[in-house]
S.K.: 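Below you will find the structure I want to go over with you.
All of these numbers come straight from a predicted model, not from anything done at the bench. Each chain gets a letter, A, B and so on, in the order its sequence line appears, and its residues count up from 1.
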Amino acid sequence: MTRIYIPLILFSFLVLEGVALELLPHSLVNQKLDIVPHWIFMLLVLVAIFYDREHTHISIIYAAVFGLLIDVVYTGILGVYMFTYAGAIFIVKGLSRILQSNLLSIILFSSIGLIIADISIQLIYFVIGLVHIEWKVYFMVRLLPTILANIIFLIICYPFMVRGLTNWKNRIHEDL
Amino acid sequence: MQFLRKKMLFIILIGIILLVVLIGYSLSDRENMSKPEKIINDTVGWVQSVVHKPVNYVTGFLYNIKEMKNMYQENQILKEKLAEYKGLIYEVQEVKEENEELRKLLDKPDSIRDYRAIDATVIARSPEKWIEQVTINRGEDAGVASNMAVITPEGMIGKVLSTSKHTATVQLLTGFDQFNRISATISRKDSKNIVGLIEEYDKETDSLIFRIIEESDKNLKKGELVVSSGMGGVFPAGLPIGEVKEVVYDQYGLTRTALVKPSADMYEINQVVVVDRGLPNPEKDDTSKKEDKE
């Protein structure tokens with residue numbers, strides 16, 4: 001039973017991402033800033049650090065699966081989110097051994113992961129000719145606001161998620 | 001360690017190959033989505049439509065509060081307009097009846113303006129800003145098919161990109177590129193219509209680019225209404241697209257293009273109508289996506 005909590009949470013945030021732009025005030029959306037909700041990615045960072053053990057790769061598998069779902073449901077170009085999410089989560093998981101896990105280090109890791117993920121997404125879209133935007137503009141208009149907005153999301157859900165994730169991790173450990 | 005590193009390299013290589021294959025597959029000229037994609041879209045769409053209701057209620061409530069502030073002024077203006085419309089309605093009815101009679105005389109019941117309307121609600125919007133698409137809660141079951149025009153009362157907002165059983169993806173006008181041209185027109189008296197093509201959406205000026213084919217009529221003015229002409233074979237005639245914002249020459253100074261501001265708000269879309277032209281015209285539907293420029 002404990003095992004299906006994480007996919008369920010991730011799935012509900014997948015659905016919520018679709019209405020995210022409606023929830024935000026229109027004055028924020030209508031402006032030239034592009035804020036992209038990477039909620040699933042932020043949750044996966046927490047899963048990678050607080051739920052995954054050293055030898056398991058649950059977070060990376062979830063990253064690939066839910067990345068593919070985002071591709072199918074929201075963009076129609078398969079594989080882009082799937083591989084960038086999986087790759088970025090893999091890097092974050094490797095990095096997380098360096099520092100102790102507290103809120104500050106999590107923010108650091110997740111922003112590094114997010115920068116890698118979003119730049120790779122951008123790069124792929126650029127290569128296939130979907131986006132024509134200068135990199136300088138991209139950094140100011142999209143990357144910075146996106147990271148800030150997603151870190152706010154991370155800080156809000158951090159207390160709930162960490163308690164839940166460590167609980168579930170221990171419970172599964174006892175079951176074994 | 002050596003083995004581990006080799007294994008990792010292997011996985012990364014396979015991953016890159018898979019990525020290229022998947023992207024290549026999704027960018028290829030496919031008609032519609034594959035079976036698994038449709039199933040995923042239906043399931044997620046079902047949950048989305050459940051979630052969307054309370055969200056919609058909340059945003060609608062906030063919007064209403066904002067609207068109440070200038071209700072009185074609006075009411076005054078609307079009252080004036082209403083009086084004008086009463087006369088207009090009578091006139092339109094007369095014209096319609098006459099049109100029908102004349103059509104019967106001609107024995108030509110199909111019109112370029114006829115269409116069947118399918119009502120739908122927007123249930124989600126792509127969080128990825130580059131990909132301007134929304135999901136609506138009507139699909140193949142309701143008769144929605146790809147390439148149909150999607151409108152709101154204000155005007156056209158886009159066309160259906162792909163469908164699953166119960167949902168459909170709509171590409172917004174703001175995401176139109178050179179593969180999605182609309183033949184459009186500005187209506188003039190004594191059959192001197194300005195004809196042209198809506199070519200693509202220009203992000204820098206936030207407007208659609210309307211290339212004018214005929215150089216006949218020079219006095220194109222600001223604020224004129226651009227409507228679809230129905231000549232492309234996909235969209236019916238008479239759907240309002242936008243207003244002329246500015247007229248500029250292209251980079252060679254030979255043809256003029258008008259910058260058109262879409263009349264529908266692309267950010268506050270809620271209720272939409274899918275326009276089924278319903279003409280049995282299978283050959284044209286295939287090529288309509290790549291409507292020729294000249």
S.K.: So which part of A:Ile70 gets closer than 4.5 Å to some heavy atom of chain B, the side chain, the backbone, both or neither?
M.R.: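 For A:Ile70, neither part sits under 4.5 Å from chain B.
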
S.K.: Which one wins on heavy-atom pair count under 4.5 Å against chain A: B:Val44, B:Ile12, B:Ile16?
M.R.: B:Val44

S.K.: Do you know which of A:Leu68, A:Val36, A:Thr75 has the most heavy-atom pairs with chain B at a distance under 4.5 angstrom?
M.R.: A:Thr75

S.K.: Checking heavy atoms, do the side chain of B:Ile23, its backbone, both or neither come under 4.5 Å from chain A?
M.R.: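 Both the backbone and the side chain of B:Ile23 come within 4.5 Å of chain A.
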
S.K.: Go through the steps for B:Val272 and B:Thr121 under the test side-chain contact (heavy atoms from CB on, under 4.5 Å), then give the verdict.
M.R.: CA-CA 6 Å; B:Val272 296; B:Thr121 311; over 6 Å; no

S.K.: Are B:Lys261 and B:Glu246 close enough for a salt bridge, meaning some N to O gap below 4.0 Å?
M.R.: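 Salt bridge between B:Lys261 and B:Glu246, a charged N being under 4.0 Å from a carboxylate O: no.
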
S.K.: Please state whether the side chain, the backbone, both or neither of B:Ile123 comes within less than 4.5 Å of a heavy atom of chain A.
M.R.: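 For B:Ile123, backbone heavy atoms alone lie under 4.5 Å from chain A.
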
S.K.: Just so I understand: if I count every heavy-atom pair under 4.5 Å between each of B:Gly24, B:Gly15, B:Pro36, B:Pro127 and chain A, which residue has the most?
M.R.: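 The candidate making the most pairs under 4.5 Å is B:Pro127.
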
S.K.: Is the closest side-chain donor-acceptor distance between B:Asn137 and B:Ser49 under 3.5 Å?
M.R.: no

S.K.: Taking the inter-plane angle between the rings of A:Phe153 and A:Trp39 on a 0 to 90° scale, is it parallel (under 30°), tilted (30 to 60°) or perpendicular (over 60°)?
M.R.: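 Ring orientation of A:Phe153 relative to A:Trp39: parallel.
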
S.K.: Can you name the residues of residues 77-100 of chain A that have some heavy atom under 4.5 Å away from a heavy atom in chain B?
M.R.: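 The stretch touches chain B at A:Ile77, A:Leu78, A:Gly79, A:Val80, A:Tyr81, A:Met82, A:Phe83, A:Phe90.
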
S.K.: Tell me if the CZ atom of A:Phe160 is crowded by more than 12 foreign heavy atoms within 6.0 Å.
M.R.: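 Atom CZ in A:Phe160 is not packed in, count stays at 12 or less.
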
S.K.: Looking only at side chains, do A:Tyr138 and A:Asp118 share a donor and an acceptor under 3.5 Å apart?
M.R.: yes

S.K.: Looking at B:Glu199 and B:Arg181, is any side-chain nitrogen of the basic one under 4.0 Å from a carboxylate oxygen of the acidic one?
M.R.: yes

S.K.: Check each atom of B:Leu22 against the heavy atoms of chain A and say whether the ones under 4.5 Å are side chain, backbone, both or neither.
M.R.: both

S.K.: Is it the case that the side chains of B:Gln133 and B:Ser126 hold a donor-acceptor pair, with the cut-off being a distance below 3.5 Å and no angle test?
M.R.: no

S.K.: Does either side chain, that of B:Thr167 or that of B:Asn41, offer a donor lying less than 3.5 Å from an acceptor on the other one?
M.R.: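 No, no side-chain donor-acceptor pair sits under 3.5 Å.
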
